[in-house]
Every structure is written in C-alpha cells, then in structure tokens.
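What follows is a set of notes on a single structure, which appears directly below.
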Amino acid sequence: MPKTQTSYASLLELNGEPVIRTYTAEIKNVVAKGKKVEHACVVLFFTLQYLGTTEKGNLRYKSSIQRRFFLDDKNRPVFKPSKAQKLALNVAKINDELILEVSKNYKFIGIINVEEVQKKWRKLKGILQDSFTDLHTVIGDFDWQMQTGNIQKIYRNDIFYNFFFSNFFYQEFNTEKSLEHKKVLMNGIYNLDVPVIEKKTIDEEDVLFQNIRISTSAELDTKDKLFPLEKMNVFLGSLLGTKGSKHSLEFDYDGFYKVKPRIGLITEGHLTYSFCIKDIYTKSTTINFNLEKDE
C-alpha cells in the first residue's frame, strides 16, 4: 500500500508499560555440505516485562523462558532428544531468567544479571562433568564464553536478541533513505562472525497508521575491520574439490516486523538469511517470533 501518512512515520514510540507479555519464537539453522544436510530448530515460549530504566537511562527488561523444545526436519516436536540435544537443553537453562539492558531505541546492549548467570553455569558445569565424561572441549568453550570479558559480547551478538530487539524506535523513517545500522551475524558462515549493514524501511501501512510493516535487508560489510575475509576464504577453499576452481559466495537477507505504532509494540517478526556456494555449501538461518498475549 502506498505511504499515505508519512508524517506519522517520522518517529515510532516504544511501549513503556510494565506489563508481562507472552511470546513464542522459533530459531532454525540448516547447513548443507553437498548432499549432507544438518538441521537444528528450537522453539521457545517466553515472557518479557519492562522493569524501568537503569542509572544510565537505558531500559531494563526481564526475560523468562517457560519452555523450549526441538523440532525435527519435518517440524514435528522431538520427544526423545539426542545426547547433543539434551546437552543443549541443559546448558540453555542458564538463560531461563535474564535481566536485559536495552537502549531507548530498543537495541539490545547486554545482560545485567551477569553474576547470576555465571553462578548458574558453574553449578551446571559440575553436573555436566559428572554426567558426560567426554565433554571437555564443549565445557571449555562455555567456560570461555562465561568469562566476564566475553559474556556480554556473546549475548549481544546472539542471533535471536540481535533480531528481536529491532533498534528502530525513536528513529526517523522517511521515504528517501533506509534506516541503517551495523550488526554482526554470529556464526554466520561456519563458526565465523560476519559484519553486515542492515537496512529497514516502512513498506506497508494502513490509513490511520495503526498497523505497519517494516522490511529489513542487509549487505555484507566487507569494509569492516572485523570482516573475516581470510578465514572465510580458507574455510570455503577447504570445501572445494578442485584446486583453483571458481565459485561465488551468495548472501541473502530478508525479513520484516509487524508493528502497532499507536501502542508501541512489535507483534510479529520474521527473518531468513543465508550464505551459499551453489552445490557445495549453504547455511541458512530462520527466526520467527509472535506476540501471543498481554497478561
């Protein structure tokens, strides 16, 4: 629908009610190497509650996860998880209760209850070491992630939080230029973090500007000093069967948010992005979330 009320679109206000809101979310990763396909999909049921502001003037939210489970490659619930899935579900419990710090634009900054999360990990680590004797590498990785110097980066670049906290409130939209922000796709290709430039535009709105859709796209930020070009070339080269053969890397990124501007809420979000070398390697990530109800 053509933009008939652009004056409304200049500033989107964020809802600041301390109401518990219930969401569902789905995060899926599919990796294909030749004919071998690996599929991982988790569903989350969680609540989010605004708690007020921090001393610095940022926003505080409480995230509480009630339930999580895996889906198989046919989108059916997995009732008998594998050993790896059981491990993932156990480790994920350290995220059941998080106090999140978010900017006034609704951009995720990090977690506030760091010490509580670290304490949960130390307790869980002892249980895992007793239950799984062959997990030294995995436990070592999580030990590193839970260190004070690393933990905020891990959460800040998390693929779900990166998308859910949309960073477009109290920022100007116009028809001539997209809203642009830099972000990082953690483990975007293989285990490499990939910087991108994300763009957002209002592409649908009703006459009274009560319901809008904000589309999002992105391009690789190859000029960023953190862009892992050399490591990416090494990884991609390891996949090529013929030395010196030429293959191009394709990157696609497409998503949208559905927003009710008058009450300042995002009610739905969808994002799919992928890295692909035709017939050799594809990694695609899909994120969906829906606002189910207000308590």
Side-chain angles (χ1 to χ4, degrees), residues 25-34 36-44 65 68 70-71 73 82 84-85 87-92 94-95 98 107-111 117 121 135 137-147 149-165 167 181-198 216-222 224-239 249-255 269-277 280-289:
E26 179 182 294
I27 304 145
K28 180 189 297 184
N29 281 295
V30 179
V31 178
K33 294 180 182 179
K36 183 181 179 182
V37 179
E38 298 176 354
H39 174 281
C41 182
V42 65
V43 175
L44 305 175
I65 297 178
R68 57 170 66 83
F70 284 100
L71 298 179
D73 57 0
S82 66
Q85 289 173 329
L87 175 62
L89 291 173
N90 277 319
V91 172
I94 65 175
N95 298 318
L98 294 176
K107 176 184 177 181
F108 183 61
I109 296 173
I111 62 171
V117 172
W121 164 244
L135 294 178
T137 300
V138 174
I139 290 175
D141 288 343
F142 276 101
D143 272 338
W144 181 87
Q145 292 179 24
M146 290 295 106
Q147 290 176 12
N150 302 323
I151 190 169
Q152 293 293 13
K153 179 183 177 182
I154 296 298
Y155 280 98
R156 188 164 53 246
N157 289 337
D158 179 88
I159 59 172
F160 178 70
Y161 294 132
N162 229 315
F163 177 62
F164 184 86
F165 293 101
N167 193 21
H181 296 110
K182 290 189 173 188
K183 65 189 299 184
V184 174
L185 302 181
M186 188 167 67
N187 298 327
I189 181 168
Y190 185 49
N191 62 353
L192 304 176
D193 299 343
V194 182
V196 300
I197 299 174
E198 187 181 54
T216 179
S217 60
E219 58 187 36
L220 297 176
D221 190 4
T222 55
D224 190 290
K225 63 180 181 180
L226 298 178
F227 193 81
L229 181 60
E230 184 176 343
K231 292 180 180 178
M232 190 179 292
N233 286 336
V234 170
F235 167 68
L236 298 179
S238 69
L239 299 174
L249 174 65
E250 297 179 2
F251 172 65
D252 293 305
Y253 187 104
D254 182 58
H270 172 80
L271 174 67
T272 296
Y273 60 88
S274 65
F275 296 85
C276 178
I277 303 176
I280 294 174
Y281 176 88
T282 300
K283 181 176 181 180
S284 62
T285 298
T286 302
I287 304 169
N288 298 300
F289 70 83

Say you draw a straight line from [atom1] of [X] to [atom2] of [Y]; how long is it, rounded to the nearest 0.5 Å?
| X | Y | atom1 | atom2 | value |
| --- | --- | --- | --- | --- |
| Asn162 | Arg156 | CG | CZ | 10.0 Å |
| His39 | Phe70 | NE2 | CZ | 11.0 Å |
| Leu220 | Leu185 | CG | CG | 8.5 Å |
| Lys183 | Asn167 | NZ | CG | 9.0 Å |
| Ser274 | Tyr281 | OG | OH | 10.5 Å |
| Ile287 | His270 | CD1 | NE2 | 9.5 Å |

Can you give each donor-acceptor pair under 3.5 Å made by side-chain atoms of residues 226-239, sequence neighbours left out, with the distance rounded to 0.1 Å?
{"unit_1": "Asn233", "atom_1": "ND2", "unit_2": "Leu229", "atom_2": "O", "d": "3.4"}
{"unit_1": "Ser238", "atom_1": "OG", "unit_2": "Phe235", "atom_2": "O", "d": "2.5"}

Practice item. Ignoring hydrogens and angles, tell me if any N or O in the side chain of Asn157 forms a donor-acceptor pair with the backbone of Val184 under 3.5 Å. Key: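 Side chain of Asn157 to backbone of Val184, a donor-acceptor pair under 3.5 Å: no, none is there.
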
Review point. Is a side-chain donor or acceptor of Tyr155 paired with a backbone partner of Phe108 at a separation under 3.5 angstrom?
Key: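 Checked: no pair found.
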
**Study point:** Within 6.0 Å of CZ in Phe251, more than 12 heavy atoms from elsewhere
**Key:**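 Check passes, neighbour count above 12.
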
**Study point:** CA sep, side-chain torsions, deciding dist, call: Gln152, Ile111, side chain to side chain contact (heavy atoms under 4.5 Å, CB included)
**Key:** CA-CA 7 Å; Gln152 293 293 13; Ile111 62 171; 3.8 Å; yes

Exercise for review: Could you pull out the closest heavy-atom pair between Asn187 and Asp193, with the gap in Å?
Suggested key: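 The answer is N-OD1, 2.9 Å.
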
**Study point:** Closest contact, heavy atoms only, Arg68 versus Ile65
**Key:**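 Heavy atoms of Arg68 and Ile65 come nearest at NH2-CD1, 2.9 Å.
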
Practice item. Verify side chain to side chain contact (heavy atoms under 4.5 Å, CB included) between Ile189 and Lys283, making sure each step is shown before the conclusion. Key: CA-CA 7 Å; Ile189 181 168; Lys283 181 176 181 180; 5.6 Å; no

Practice item. Show your working on side chain to side chain contact (heavy atoms under 4.5 Å, CB included) between Val31 and Tyr190 and close with a plain yes or no. Key: CA-CA 9 Å; Val31 178; Tyr190 185 49; over 6 Å; no

Point to revise | Parallel, tilted or perpendicular: ring planes of Phe160 versus Phe289, cut at 30 and 60 degrees | key: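 Ring orientation of Phe160 relative to Phe289: perpendicular.
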
Check your understanding: Mind checking whether Tyr273 and Phe275 have parallel, tilted or perpendicular rings, split at 30° and 60°?
Key ->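 Plane angle over 60°, so perpendicular.
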
Practice item. Output, in order, the C-alpha distance, side-chain angles, deciding distance and verdict of side chain to side chain contact (heavy atoms under 4.5 Å, CB included) for Asn150 and Gln145. Key: CA-CA 6 Å; Asn150 302 323; Gln145 292 179 24; 5.7 Å; no

Exercise for review: Scan side-chain atoms only and decide if Asn29 and Thr285 contain a donor-acceptor pair under the 3.5 Å cut-off.
Suggested key: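 Checked: Asn29/Thr285 side chains pair up, N/O donor to acceptor below 3.5 Å.
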
Review point. Can you check whether Phe165 reaches Ile109 side chain to side chain, under 4.5 Å on heavy atoms?
Key: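 In short, these two side chains do not touch, never coming nearer than 4.5 Å.
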
Review point. Quick one: does Trp144's side chain get under 4.5 Å of Ile154's, heavy atoms only?
Key: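 Yes; the side chains approach each other to less than 4.5 Å.
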
Point to revise | Reference residue Ile27; test side-chain contact (heavy atoms from CB on, under 4.5 Å); the match among Thr286, Asp158, Leu271, Val42 | key: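 One option only clears the test, and that one is Val42.
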
